[in-house]
Amino acid sequence: MLGLIYILLSVGTGWVICSYAFPNLANLAGIDCYKRRLELSPVLLLFPAWFISGVLTMTWLVYILAYLFRSTPSPLLYANLLVMPISALVFILILVKRVYVKKSAHRATDKAVIPLLLCGSRKVLYLELLLFAAVTLLACILMWRTFFISDGNLYVGLTVFSDFSPHIGMIRSFSYGNNFPTSYSHYAGKDIRYHFMFQFLVGNLEFLGLRLDYAFNLPSIICFVAAFMLLYVLALKLTGKQGAGILACLFFAFRSAKTLYTFLAGIKPHEGIIKTLRENTSFISDTPHEDWGLWNLNVYCNQRHLALGLAVMFFILILYIGHPFDMYQKLKTDSRPGNNIGRSGLAGRLLLGAKALFFSRDGWLAEDLRTSIAAGILLGSLGFFHGAALIGCILVLFVMAIISSRRLEFLLTALITMALSFAQTSFFIDGPAVSFQPFFGFIAENKTLFGVFSYLERLLGVLPAVLLVAFCIENGVVRWMLLAFAAPLLFAFSVSLTVDVTVNHKYIMMSCILLGIYAAGLITRLLKSGKYMVRALGVLLVIMLTATGVYDFFTVIKRNDPEFAVVLDLDSPLTEWIKNNSDSKDIFLTHRYALNQVVLGGAMLYEGWPYFPWSAGYDTDKREQQVIAMYEAETPEELDRLVKANNIRFIIVDYDNRNSDYYTVNEENIKNSYECVYTEGGGEYKLSIYDADKPINRQ
């Protein structure tokens, strides 16, 4: 119950923040980028803004206070006891004040506030309700299919259990442990380079009483729906068309790719197309790692924090999206015959246009510092929720700012964002957060210019061709916006920030989602054409742009059948023992665990499955050698020296150790060194936990 109250308080806190930081949000939802009236329910902008503002604020406040109370037995208890009542009190006081002011001024009553959140057109309202009912249903299917509890067992879907290994480890390190200062659950004892704050949110919700699947799925669903709402609003502001907003959401959910058509072309006549499609349970692939589900809806299932990052990104873009269009309108007005630019020749027009763009008062002077500061704080707070979304947003804003009015607002937001990001990384990470390295070609097989073009053609299908047509027929400011939206994609193919360049796929996804708005705008024109063949072309393009994504969705459902899930016992004695007898400061020496009962108990692993810490930038080779040395130690003295040097509290010996390909465990030496404090199973499958704080008297 308290977890649900926390979520509701987050929305209320966000309402308070947005009322003061972004007071014109409702009006912003009512006009497009050309200042034309939109038929749009303001709630589609207001609710996501309230939620993301509130949840980021409250979660950071709880974390900071919990850190300050880290020496107490329950830091989260004291943090929530302060944050939740204060948030509730502030919300009530502001609400009462607003109602009192309205009544005093003889304005609309409370009952009249509700219709102001909704569109006046019933047709549009019903369309919005239908769209977001479908999005909510999609979100629920995805989240609950891949992570749920039934009959005392936790079911973790086949396509997500790998990524969920560090997710669940981090969640339980907060809800069960005291992970302050925070370290990585799969590489314990060091700093934290993993964007963990969404997992902290989930851990706090579980601590407040929400069952683990509700604690994980509810914020995931809300963030997913919020991202779609904000994309819909952004699409309407850019195109002015409800159809474009709907198609942009459709393209967001179901990716464009050539993969399905290549797969169909490879089916032999005797195999049968329908039978092959129905029986296939693997992600179809035509490019490297596509078989991981790297580009489809599965990403939002295993990276639950991505939807929150995208929602913040879309919201910030909505705040700034009018600036380049304002400058475009000014330049367009000035270039009319009789005006200064219009009276000049071509060279003069170019010179005066550049002067108006880069050296004019309108080009630089800030008008709304409050919104700029608040946007910078909001975007900067995203760093350890989803750093890639922060970087992607900054890239788009940078390109937008070049042709925008009021550039100082962009600059102020960027400076605050960077300052907050630097402060967070300095606090959480020993050393640089990322390492910018030139790296051309992303994961294309042939890292040449034409090799990249070939890769994109296979990966994105007809989307680049549709966007090229849109680029050719649109005006100058829209062309520039297309370039701005492509900035994260260009970044992904030019730079590597980590040792694993594959993680750049998120930047490509961001660009495709944003560019999909203009693809949707073009296709909406085709669908509204009076010519049958033109409308038929529009329908064909919709099918071609979504077919692979739709098939991927059904593959996600099939692959995450409970029959294939990783099943964990919530009542496991092992999990309970770890919960009750260890703390997040107690480091476990184990085999290369991914997701199991030990991880579910919140154990902090000296080194879990190496890919996770390796991709985060940790020196896994060094720890691998230490793991081998400790498990193969020949004497108690040697083992004790290594254990103390690596701050190990518990040593686990189990089936995985005994059958390791990397070392031969000296189980007898461990038995002779430390007291066995827990055991289960028998024979080769026996699991024993030894406490390094309880050495055996060897005198």
Side-chain angles (χ1 to χ4, degrees), residues 247-248 250-266 283-299 306 310 388-389 391-392 395-396 399 437-474 478-497 500-523 540-552:
L247 287 179
L250 188 69
F251 298 157
F252 181 5
F254 305 114
R255 68 180 181 121
S256 171
K258 190 179 177 181
T259 313
L260 178 61
Y261 310 107
T262 304
F263 180 75
L264 292 173
F283 290 121
I284 54 178
S285 174
D286 196 34
T287 58
H289 304 328
E290 201 172 351
D291 55 341
W292 293 3
L294 197 64
W295 305 102
N296 58 48
L297 285 168
N298 189 63
V299 173
L306 176 56
L310 292 175
I391 295 172
L395 290 169
V396 175
V399 180
Q437 298 290 335
F439 190 94
F440 181 77
F442 184 48
I443 57 173
E445 304 94 319
N446 180 10
K447 291 179 174 53
T448 64
L449 184 61
F450 289 103
V452 167
F453 286 158
S454 172
Y455 172 81
L456 286 173
E457 183 267 336
R458 288 177 288 133
L459 178 67
L460 303 182
V462 299
L463 179 61
V466 174
L467 293 173
L468 180 61
V469 173
F471 185 87
C472 292
I473 66 175
E474 291 289 358
V478 172
R479 292 177 181 176
W480 192 264
M481 291 304 302
L482 284 164
L483 294 176
F485 289 166
L489 183 147
L490 298 174
F491 180 81
F493 279 88
S494 306
V495 172
S496 178
L497 301 180
D500 185 14
V501 72
T502 308
V503 300
N504 279 9
H505 77 106
K506 293 181 284 288
Y507 299 110
I508 299 172
M509 293 181 71
M510 292 172 201
S511 281
C512 289
I513 294 167
L514 293 171
L515 291 168
I517 293 173
Y518 284 115
L522 175 60
I523 293 173
L540 178 62
L541 285 174
V542 171
I543 294 172
M544 294 181 70
L545 285 165
T546 59
T548 297
V550 170
Y551 184 70
D552 282 338

Pairs satisfying salt bridge (charged side-chain N to carboxylate O under 4.0 Å, His left out), at least one member in residues 480-491, at least two apart: none
Exam field: side chain Asn504 to backbone Ala492, donor-acceptor pair closer than 3.5 Å: yes
Non-hydrogen atoms of Lys506 and Ala388 that approach each other most closely: CE-CB, 3.9 Å
Nearest atoms (heavy-atom pairs only) where Gly392 meets Pro488: O-CG, 3.9 Å
Within-4.5 Å side-chain heavy-atom neighbours: Phe442 and Leu459: no
Check: Leu460 main-chain N/O paired with Ser256 side-chain donor or acceptor under 3.5 Å: yes
Contact summary for Glu290 and Ser285, nearest pair of heavy atoms: CB-OG, 3.5 Å
Sub-4.5 Å side-chain heavy-atom contact between Leu497 and Ile391: yes
Rounded distance (nearest 0.5 Å) linking atom OH of Tyr551 with atom OG1 of Thr259: 12.0 Å
Interatomic distance, Ile284 atom CD1 to Asn296 atom CG [nearest 0.5 angstrom]: 9.5 Å
Between CZ on residue Phe440 and OG on residue Ser494, distance to nearest 0.5 Å: 7.0 Å
Shortest non-hydrogen separation from Trp480 to Val399 and the atoms involved: NE1-O, 2.7 Å
Residue among Val466, Leu515, Ile523, Ile517 satisfying side-chain contact (heavy atoms from CB on, under 4.5 Å) with Phe251: Ile523
Pairwise distance CG(Leu449) to OG(Ser454) - rounded to 0.5 angstrom: 11.5 Å
Full working for side chain to side chain contact (heavy atoms under 4.5 Å, CB included) between Ile473 and Leu522: CA-CA 9 Å; Ile473 66 175; Leu522 175 60; 3.5 Å; yes
Nearest-0.5 Å distance that lies between atom SG in Cys512 and atom CG in Leu463: 5.5 Å
Contact summary for Met509 and Leu294, nearest pair of heavy atoms: SD-O, 3.9 Å
Pairs satisfying salt bridge (charged side-chain N to carboxylate O under 4.0 Å, His left out), at least one member in residues 438-451, at least two apart: Glu445-Arg458
Sidechain-backbone polar pair: Tyr455 side chain, Gly441 backbone, donor-acceptor under 3.5 Å: no
Ring geometry between Phe450 and Phe453 (parallel below 30°, tilted from 30 to 60°, perpendicular above 60°): perpendicular
Minimal non-hydrogen separation, Thr546 against Phe254, with atom names: O-CB, 3.8 Å
Straight-line distance of Ile443 CD1 to Ile508 CD1, nearest 0.5 Å: 7.0 Å
Residues Arg255, Asp552: salt bridge by 4.0 Å N-O rule: yes
Verdict with reasoning, Val299 to Trp295, per side chain to side chain contact (heavy atoms under 4.5 Å, CB included): CA-CA 7 Å; Val299 173; Trp295 305 102; 5.9 Å; no
Ser496 (side chain) donor-acceptor with Gln437 (main chain) under 3.5 angstrom: no
